[in-house]
Amino acid sequence: MLSYQHLYHAGNLADVHKHALLAWTLDYLTQKDKPLTYLESHAGRGLYDLAAPEALKTGEAAQGIARLETRLPADHPYRRVLAEVRAEHGPTAYPGSPLIAARLLRPGDSVHLAEKHPQEHAALAEAMMPYPVRAHKADGLAKVLELTPPQPRRGILLVDPSFESPAEYEAIPRFLGQVARKWNVGVLALWYPLLREPRHGVMLAALEAAHPEALRHEIRFPPAREGHRMTGSGLFVVNPPWGLAGEAARLSAIFA
């Protein structure tokens, strides 16, 4: 949906969940001396200012990263990136997943980011200028299908839709199935919101039937404000790397 802008929600509890596990996964994958590919279907702008009026309006970052950062181990790759980005861009800077990936990946790795919102893509291209990445102004799902299987074949895909349209819940299982057939060695990570209305139920049933060995991890939290519909955050990971389940369990304890 072209109306969605993540600046209102940057650094919230769902971001902490998603970005902590993403950073751990990238750190784990880069320990092996082999190049990899990072693909992202809904990249956003990459870099956010948590002091911006949009972020302050919702107060979600105050309930998210501001509360939970120090509960993570000091040497966690997520915290390392947060410190580096703040040192470079100021104390209220927050890295989105593209910037987390760019900071953790190596010169020989390949990075492709898709974002179709014109303003978000322009901000993404600017934020990514110092890094050797490709920022595509394109429909994310179509671009990922075009790019898979990538070279190098080793790597990870992050699918992070806004889920503002019910059609996205219907399209995702078919899309992930297509990617898995084309890129059977890729780590395929899907983020999804947990809402008051269980819209994700049918989608997850289809995904679990098609990918029984996948990792499903969810955390629950109170709504950010009165009338807010999101009550949790989920990740569904096809071909999860060794150790990710343990890291997810540690994150659950931190959220608890």
Side-chain angles (χ1 to χ4, degrees), residues 4-27 40 42-74 76-83 85-86 91-101 120 158-164 168-169 189-201 203-204 215-237 244-256:
Y4 182 82
Q5 296 186 54
H6 190 64
L7 181 54
Y8 290 92
H9 314 289
N12 67 4
L13 289 164
D15 263 5
V16 175
H17 176 219
K18 171 178 57 185
H19 291 158
L21 290 181
L22 173 65
W24 184 92
T25 301
L26 290 168
D27 187 66
E40 186 166 349
H42 299 75
R45 60 176 51 202
L47 177 64
Y48 301 90
D49 180 5
L50 300 185
E54 295 89 341
L56 294 175
K57 180 178 180 179
T58 63
E60 292 184 29
Q63 300 174 44
I65 189 62
R67 290 181 59 194
L68 291 185
E69 179 180 353
T70 56
R71 299 186 188 180
L72 292 163
H76 197 284
Y78 181 37
R79 290 192 65 179
R80 295 204 312 265
V81 172
L82 287 169
V85 170
R86 289 170 185 154
T92 61
Y94 183 80
S97 42
L99 190 51
I100 291 172
E120 296 295 281
L158 176 63
V159 184
D160 181 14
S162 65
F163 285 108
E164 288 190 314
E168 290 179 294
Y169 292 92
L190 167 70
W191 175 84
Y192 56 93
L194 302 180
L195 304 176
R196 292 181 185 275
E197 319 86 40
R199 291 185 178 180
H200 59 282
M203 177 187 75
L204 286 172
L215 170 68
R216 174 179 171 182
H217 182 250
E218 297 177 351
I219 50 116
R220 299 275 181 175
F221 43 76
R225 57 194 172 277
E226 187 176 352
H228 194 55
R229 295 163 48 231
M230 189 164 68
T231 60
S233 171
L235 277 174
F236 187 88
V237 185
L244 183 60
E247 180 63 20
R250 285 187 287 272
L251 196 60
S252 291
I254 289 169
F255 270 86

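- Atom CZ of Phe221 is separated from atom CG of Leu68 by 10.0 Å, given to the nearest 0.5 angstrom.
- Tyr94 is listed as a side-chain neighbour of Leu82, based on a closest heavy-atom distance under 4.5 Å.
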Test side chain to side chain contact (heavy atoms under 4.5 Å, CB included) on His19 and Val81; report intermediate values, then the result.
CA-CA 10 Å; His19 291 158; Val81 172; over 6 Å; no
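- Inter-residue side-chain proximity for Pro222 and Gln63 is flagged as unmet; no heavy-atom pair is nearer than 4.5 Å.
- The shortest heavy-atom contact between Asp49 and Ala55 is O-CB, 3.9 Å.
- Going from atom NE2 of His42 over to atom CG of Asp160 covers 8.0 Å, rounded to the nearest 0.5 Å.
- Interatomic distance, CZ of Arg216 versus OH of Tyr192, reported as 4.5 Å (0.5 Å rounding).
- Residues satisfying the salt bridge (charged side-chain N to carboxylate O under 4.0 Å, His left out) criterion with Arg67, sequence neighbours excluded, are absent altogether.
- Scanning all heavy atoms of the two residues, the minimum distance from Pro77 to Ala23 falls at CG-O, 3.6 Å.
- Arg86 and Glu69 are joined by a salt bridge, as a carboxylate oxygen and a charged side-chain nitrogen come within less than 4.0 angstrom of each other.
- Side-chain contact check for Val16 versus Arg71: every heavy-atom pair is 4.5 Å or farther apart.
- Here the closest heavy-atom approach between residue Pro193 and residue Phe163 is recorded as CD-CD1, 3.3 Å.
- Nearest heavy-atom pair, Ala43 versus Tyr48, reported as atom, atom and distance to 0.1 Å: O-OH, 4.4 Å.
- Side chains of Pro161 and Leu190 form a contact here, defined as non-hydrogen atoms less than 4.5 Å apart.
- Between Val85 and Pro95 the shortest heavy-atom distance is CG2-CB, 3.9 Å.
- The pair Arg250-Glu247 meets the salt-bridge criterion, with a side-chain N (NZ, NE, NH1 or NH2) lying under 4.0 Å from an Asp/Glu carboxylate O.
- Annotation: side chain of Leu251 is not in contact with side chain of Trp24 (no heavy-atom distance under 4.5 Å).
- The minimum heavy-atom distance between Ser252 and His217, with the atom names listed, is OG-NE2, 2.6 Å.
- Two residues are said to be in side-chain contact when any heavy atoms from C-beta on lie closer than 4.5 Å; Leu50 and Ile65 meet this criterion.
- Atoms NE2 and CD1, from His17 and Ile254 in turn, are 11.0 Å apart once rounded to the nearest 0.5 Å.
- For the pair Met203/Glu168, no side-chain contact is recorded, criterion being any heavy-atom separation below 4.5 Å from C-beta on.
- With sequence neighbours excluded, the residues satisfying salt bridge (charged side-chain N to carboxylate O under 4.0 Å, His left out) with Arg80 are Asp27.
- Taking CG of Asp15 as the start and OH of Tyr78 as the end, the distance is 6.5 Å to the nearest 0.5 Å.
- We find the CD1-NZ distance between Ile219 and Lys18 to be 11.5 Å, quoted to the nearest 0.5 Å.
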Between Glu218 and Leu204, is a side chain to side chain contact (heavy atoms under 4.5 Å, CB included) present by the stated rule, with each step listed?
CA-CA 12 Å; Glu218 297 177 351; Leu204 286 172; 3.7 Å; yes
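- With a 4.5 Å cut-off on side-chain heavy atoms, Leu195 and His200 do not count as touching.
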